[in-house]
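These notes concern the structure reproduced below.
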Amino acid sequence: LNLYDFLKNDFDASIISFEPKFVGKQKDLTRNVRYLKIPFRKLVQDFDYAIFLSLNFFKKIIGGTVKYDYWFSKKLQLFILENALRKAKSDIVLAVDTLALYLCQKRFDFCHFISLEIYTDDPFQTKIDFNRISSVIIQNQMRYDYIFGDLKLKTFFIQNAPVFKEEIGGNNNREGLIWAGSIVKKFAVLECLDFIKQYPLYKIILKGGGEQKTLTYIKENYSQLIDSGSVKIDQDYLESNAFISYLSQFRIGFCFYEWDLINGSINYQTAPSGKLFMYLSAGTPVIACNIPGFQFVKEFKAGILIDDYAPITIKNALNEIENNYNQFQEGCYAAAKYYSFDKSVQPYLEYLLKC
């Protein structure tokens with residue numbers, strides 16, 4: 001979306017996307033987005049789920065490993081997107097992730113590639129013609145090497161970071177802790193709440209869209225913290241600038257992934273998080289998991305990276321930040337300026353104008 005906002009100054013830019021269906025279902029009406037509707041989506045998803053349950057049932061009887069990747073749902077989406085691309089006309093095509101790149105290369109030949117997610121055993125990676133990739137946007141060298149190896153392509157390292165505008169002061173007015181982003185178990189939100197249970201004098205707000213199953217679990221198992229006001233859940237949607245302003249009210253933020261998720265996924269090992277850059281722009285130091293993709297937090301001294309989520313480990317990290325809060329906040333602003341989207345994207349815009 002940041003890229004679109006910059007492209008529209010020089011290009012007649014548009015986005016093709018499926019209708020939102022996950023944690024947030026709100027459409028973006030401020031940009032030129034063509035949303036693709038998936039007919040019979042629920043019926044097909046229920047059919048896939050029935051197959052999944054059946055395979056699990058037989059797995060318990062005969063043993064072994066059974067994997068089902070919701071084949072019918074994915075085939076339906078492929079068909080709809082490919083059909084939409086057949087009718088599309090464009091001089092410059094930017095394909096987001098490998099599935100879109102595979103289909104765009106079938107329709108448009110040469111394409112520019114934007115890599116946001118990396119999937120282990122990605123079936124589309126083997127179908128892509130690397131020789132017909134005009135350029136690559138990706139977050140860092142580790143992720144590039146995983147996909148392309150020694151292949152030398154025109155590459156731009158751009159983070160999912162906001163445009164940095166100004167330092168937000170008022171340290172004395174900042175209070176409490178903030179969990180920003182999707183409220184789902186795989187992002188270790190429960191471990192964060194276990195810390196609050198151990199140290200109830202701290203207060204935290206969970207800010208963002210939530211998976212219903214996770215929200216129900218939190219309300220049932222952490223009801224005392226919610227009733228006491230130590231934990232609050234705020235799911236109101238905010239635009240980027242308003243969200244950064246919101247984050248600036250808090251002293252310290254969290255950015256976690258479950259360790260099993262990290263250990264089993266190159267994507268989560270190496271990807272800087274968009275919400276992490278929001279924290280930095282807000283001048284809110286972070287406590288984050290110690291993974292390769294977050295090492296810039298340590299380099300800029302914008303927060304503390306931790307190797308486990310034990311309550312005492314989180315408490316020690318909080319104390320370390322509070323003992324030198326101004327320095328950590330300056331590290332946030334230094335990182336936010338360095339990765340500011342307008343600065344990072346400018347070479348890419350100049351390259352596209354020459355295409």
Side-chain angles (χ1 to χ4, degrees), residues 1-8 11-22 28 31-36 38 69-71 73-160 265-272 274 293 341 344-345 347-349 351-355:
L1 295 180
N2 272 339
L3 180 58
Y4 171 90
D5 290 341
F6 279 86
L7 286 171
K8 69 180 182 181
F11 299 92
D12 180 16
S14 62
I15 299 171
I16 297 178
S17 177
F18 290 106
E19 289 184 335
K21 63 175 181 176
F22 293 111
D28 187 334
R31 298 174 175 90
N32 183 16
V33 183
R34 178 187 171 191
Y35 286 104
L36 304 180
I38 303 177
D69 201 22
Y70 287 72
W71 190 85
S73 299
K74 291 191 173 181
K75 281 292 184 181
L76 179 60
Q77 291 188 68
L78 276 170
F79 173 79
I80 292 171
L81 179 55
E82 186 168 12
N83 186 57
L85 290 174
R86 287 196 193 101
K87 302 173 184 178
K89 295 181 180 180
S90 182
D91 297 315
I92 299 176
V93 177
L94 284 63
V96 179
D97 288 334
T98 54
L99 184 156
L101 179 60
Y102 164 66
L103 294 180
C104 285
Q105 283 188 337
K106 289 177 66 176
R107 166 66 178 86
F108 296 102
D109 198 20
F110 279 84
C111 302
H112 302 269
F113 180 46
I114 302 174
S115 175
L116 297 185
E117 303 286 340
I118 296 178
Y119 302 100
T120 305
D121 301 322
D122 183 352
F124 295 102
Q125 189 166 329
T126 59
K127 299 179 180 180
I128 293 167
D129 184 349
F130 288 172
N131 294 318
R132 291 190 289 135
I133 297 177
S134 301
S135 70
V136 176
I137 286 180
I138 201 164
Q139 293 93 339
N140 53 51
Q141 190 67 48
M142 291 177 289
R143 294 170 73 81
Y144 180 93
D145 292 343
Y146 182 84
I147 298 175
F148 300 108
D150 295 331
L151 189 64
K152 304 299 181 184
L153 296 173
K154 184 69 174 179
T155 303
F156 300 85
F157 295 112
I158 303 175
Q159 305 299 337
N160 182 22
S265 171
I266 183 70
N267 186 55
Y268 286 101
Q269 291 169 22
T270 61
F341 192 82
S344 300
V345 80
Y348 184 69
L349 297 176
Y351 167 75
L352 287 183
L353 286 170
K354 296 176 182 177
C355 288

Next item on the list: Kindly indicate whether the side chain of I38, heavy atoms from C-beta on, has any atom under 4.5 Å from the side chain of L76.
Entry: yes
Checklist line | Close side-chain approach of I158 to I114, heavy-atom, < 4.5 Å | finding: no
Please find the pair of heavy atoms, one from [X] and one from [Y], that lie closest to each other, and give the distance.
{"X": "P272", "Y": "Q139", "result": "CD-CB, 3.9 Å"}
{"X": "C355", "Y": "H112", "result": "SG-CE1, 3.9 Å"}
{"X": "I133", "Y": "Q105", "result": "CG1-NE2, 3.8 Å"}
{"X": "T155", "Y": "Y144", "result": "OG1-CE1, 3.2 Å"}
{"X": "I266", "Y": "R143", "result": "O-NH1, 4.1 Å"}

Examine distances only and state if a side-chain atom of [X] and a backbone atom of [Y] form a donor-acceptor pair shorter than 3.5 Å.
{"X": "S344", "Y": "F341", "answer": "no"}
{"X": "D129", "Y": "N131", "answer": "yes"}
{"X": "N267", "Y": "I118", "answer": "yes"}
{"X": "D97", "Y": "E117", "answer": "yes"}
{"X": "Y119", "Y": "F124", "answer": "no"}
{"X": "D109", "Y": "R132", "answer": "no"}

Check: Of T98, L101, I137, I147, which is the lone residue that meets side-chain contact (heavy atoms from CB on, under 4.5 Å) with S115?
Finding: I147
Can you tell me how far [atom2] of [Y] sits from [atom1] of [X], rounded to the nearest 0.5 angstrom?
{"X": "R31", "Y": "Y4", "atom1": "CZ", "atom2": "OH", "answer": "8.0 Å"}
{"X": "Q125", "Y": "F130", "atom1": "CD", "atom2": "CZ", "answer": "5.0 Å"}
{"X": "I16", "Y": "C104", "atom1": "CD1", "atom2": "SG", "answer": "7.5 Å"}
{"X": "L352", "Y": "L3", "atom1": "CG", "atom2": "CG", "answer": "7.5 Å"}
{"X": "L99", "Y": "D122", "atom1": "CG", "atom2": "CG", "answer": "8.0 Å"}
{"X": "Q77", "Y": "L103", "atom1": "CD", "atom2": "CG", "answer": "11.0 Å"}

Margin query: Before you tell me yes or no, could you show the steps for F6 and Y348 under ring pair (Phe, Tyr, Trp, His ring centres under 6.0 Å), namely the whole-Å CA-CA distance, both residues' side-chain angles and the distance that decides it to 0.1 Å?
Written below: CA-CA 10 Å; F6 279 86; Y348 184 69; over 10 Å; no
Note to self: Between F148 and V136, does the side chain to side chain contact (heavy atoms under 4.5 Å, CB included) criterion hold? Intermediate values first, please.
What the structure shows: CA-CA 10 Å; F148 300 108; V136 176; 3.9 Å; yes
Checklist line | Which residues share a side-chain contact (heavy atoms from CB on, under 4.5 Å) with K154, sequence neighbours left out | finding: S135, F156, Y351
Note to self: Less than 6.0 angstrom separating the ring centers of Y35 and F18, yes or no?
What the structure shows: no
Could you list the donor-acceptor pairs under 3.5 angstrom formed by side chains in residues 78-95, with sequence neighbours left out?
| unit_1 | atom_1 | unit_2 | atom_2 | d |
| --- | --- | --- | --- | --- |
| E82 | OE2 | K106 | NZ | 2.8 |
| S90 | OG | I92 | N | 3.4 |
| S90 | OG | I92 | O | 2.7 |

